[in-house]
Asks: 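Structure below; questions to follow.
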Amino acid sequence: MRTRGLYTAVSLISLIVLPFVAGDFYINLATQVLIAVVFSASLNILVGYAGLSSLGHAAFLGFAAYICAGTTVTLGLPPLVAAVLALAGTTLLAAIFGAIALRASGLGFLMITLALAQVVWGLAYRWVGLTNGDNGLTGLTRPHPFGLSLDSPAAFYLATLLITGIALTVIAILVGSAYGVSLQGTRDQPRRMAALGHNVWLVRWTAFIIAGFWAGVAGLLYVYYQRYIHPSVLSMATSAEGLLGVIAGGSGTLAGPVVGAALVVILKNYASIYIERWNMLLGAVFVLIVLVMPDGIVPGVRRLLARRDR
Amino acid sequence: MATDALTLDNVHAFYGDSHVLQGVSLAVPQGQVLGLLGRNGVGKTTCISTVAGMVKARGGSIYLGDRRIEALGSETISRAGIGLVPQGRRVFPSLTVQENLSVARRGAKPRWTIQTVFELFPRLQERRRQLAGWLSGGEQQMLAIGRALMGNPTVLLMDEPSEGLAPLIIAEVGRTITRLRDEGMSILLVEQNIRLALELADHIVIMSAGRCVFSGGVEDVRSQPDLIETHLGVAARRPEH
C-alpha cells in the first residue's frame, strides 16, 4: 500500500513538473494523452463497468466540441456559457442515444451505437450551413478562466491535467459507490440484479448518460486544444481508438484506460513520424497485447507482479 | 382465515414451446416452510423462477399476500417482498462479500442490514473484503442467503440451498432456515435432499411432470413410503434381507 502511494506521488509530481522541463512538442503530446485518457475513462464506464461495448462514443466527444465551437464562433457566446451548453447538449444526446441503443444488448447494442454515431458524423459532414462541412469550424480561441491565459502549451497542459484529475477522481468515486457496485452487478449477472430489485435498464441508461457527459468533457478539452473541429473527429476511427485504449489498458480497471490511451496516442504520434502506415503498427501492438495479456496491460502486469511476490 | 404469504393458482409456464408448469397450485402459509420436492426436470426451479418473475407465467395467478404479482417485472416482484436464493448460489464473483450484500440493500428501517447478516453468518464478516468468487461453496451459500435477506423480503425462495455442500455446512444452512422461519419468514424451499426437506418443512408439495401430485404435512409423506419411491426416485424403506 505504501509503495502504491509512493508511485502515485512520484507520478503526480512528474506530471506537474513536466511542462517546466519539457519542450512544447512533449507538452502538447502529454496534453493529447490526457484528453485521450478522459475519453477512454468515460468509455470504460460503459465497456468495463457496465459490460456494454460501444463503437459510437466519439459522437459525444464531437458533439460537445461542435456545440462549443459553434456557439462561441458563430453566436459569440462567452466560453463558460458555451461549455455549459455543450455539456448539457451532450448529456441530453447521450440520454436519447442510450434510450435507443439499450433496446438491444451485445452485438445489437454495438451496432446501434455505431449507427447513431454515423448519423451525427453524417450531419457534421453534410449540414454545411451549420457545421461548415468538410472545412470544419475554425477561429476558436482558448478561454481565460479567472483571468489566466491558457494560450501557452504549458498553461493548457496544466488546466487539462487538473480536469483529467477531477474526471478520474469522480469516476473512481462513482465506480466504488453503491451505484458503481450495482453497475458491475448488471454487467456480471443482469437477471440476478433484476431479481434483487434493481431496474437493470435504468442502471445501464444512467451509466450511458454519465459516460456521455465525460466524453463531452473530453470534447471540450479537445476543441480548445485544437482550436478547430472537423467531422473526422466524429468518425468510427475515433471511437475505435478509444475502445482500443480501454481494451489494451484493461477494461474494468481505473488505471487501464490511462495506460491504454497513453499507449495509443504515443504510438500514433511517434510511429506516424517514421512509418506511413502507422495503423498497422498499432494493430500489431494490439494483437501482441491480446496474445500476451488478454485482460489488458494493467491486469496483466498486476498478475506478473503477484506471481513474482509469491 | 389469514391470507397465505404466497399463493400459486393454476400457474402455467413455458420454455419456448415446452409446457413446463402445467397448472401448478400451492400456498406458502405465513411464517412457515413449504418444501417443494420432485425429481430432476419436473419444474421445481421453473416454479421458483416464475414466482420471481424471471420466467413469465402464461396462465394462472400468483399472489404475494393479497397482491397479484405474476404480470410484474422481476425487479418489482423483488421490491414487493420476494427474496431469491438461486440454485448454484450465483454470487457476484468480481465483487467483495460486503459489496455483494450492499448491492441488495433495501428498505428505510430494514430488519436485515450488513451487520445483522454478519451476526447471522460471522464467517462472512471475517471474509468481508474478499472477492466472492474466492469463497468456499458453503460461504457462497451463506452469502447468497445473506444477499437475499438484504432485500428484507417477506417470502424467501430457496432453490437447492444444500446442493454440493459438506454435511456440516448443510446442518448450518438448515439451522439458519429454521431460525428464519422462527422469526416469521415464509419460505418456499426446493430441495433434492429429501431428509433435509422433511426435517425443515412444515408442509410438503411434490411435483411430477409440471404438476403438483401431492400436498400435505410432513408426517403424511413419511407415512407413505410409496409416494417417495414413486415421485422422488429414492427408496424410503430399507431393503429386506
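Throughout, protein chains are lettered first and strands after them, A, B, ... in sequence-line order, and every chain is numbered starting at 1. Note that the structure is a prediction, hence the values are computed from the model and not measured.
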Asks: More than 12 heavy atoms of other residues, nucleotides or ligands under 6.0 Å from CG of B/Asp182: yes or no?
Replies: yes

Asks: B/Ala52, B/Ser94, B/Gly53, B/Gly83: which one forms the most heavy-atom pairs within less than 4.5 Å of chain A?
Replies: B/Ser94

Asks: Using a 4.5 Å cut-off on heavy atoms from C-beta on, say whether the side chain of B/Arg147 contacts that of A/Leu196.
Replies: yes

Asks: If contact means a heavy atom pair closer than 4.5 Å, which residues of residues 173-195 of chain A contact chain B?
Replies: A/Val181, A/Ser182, A/Gln184, A/Gly185, A/Arg187, A/Asp188, A/Gln189, A/Arg191, A/Arg192, A/Met193, A/Ala194, A/Ala195

Asks: Please classify the contact between B/Ile77 and chain A as side chain, backbone, both or neither, with a heavy-atom cut-off of under 4.5 Å.
Replies: neither

Asks: How about CE on A/Met293, more than 12 heavy atoms from neighbouring residues, nucleotides or ligands closer than 6.0 Å, or not?
Replies: yes

Asks: Check whether A/His198 reaches the backbone of B/Val103 with its side chain - one donor and one acceptor, N or O, closer than 3.5 Å.
Replies: yes

Asks: How many angstroms lie between atom OG of B/Ser78 and atom CG of A/Asn199, to the nearest 0.5 angstrom?
Replies: 11.5 Å

Asks: Look at B/Arg79, B/Arg90, B/Arg105 and state which one has the largest set of heavy-atom pairs under 4.5 Å with chain A.
Replies: B/Arg90

Asks: For B/Val91, is it the side chain, the backbone, both, or neither that has a heavy atom closer than 4.5 Å to a heavy atom of chain A?
Replies: backbone

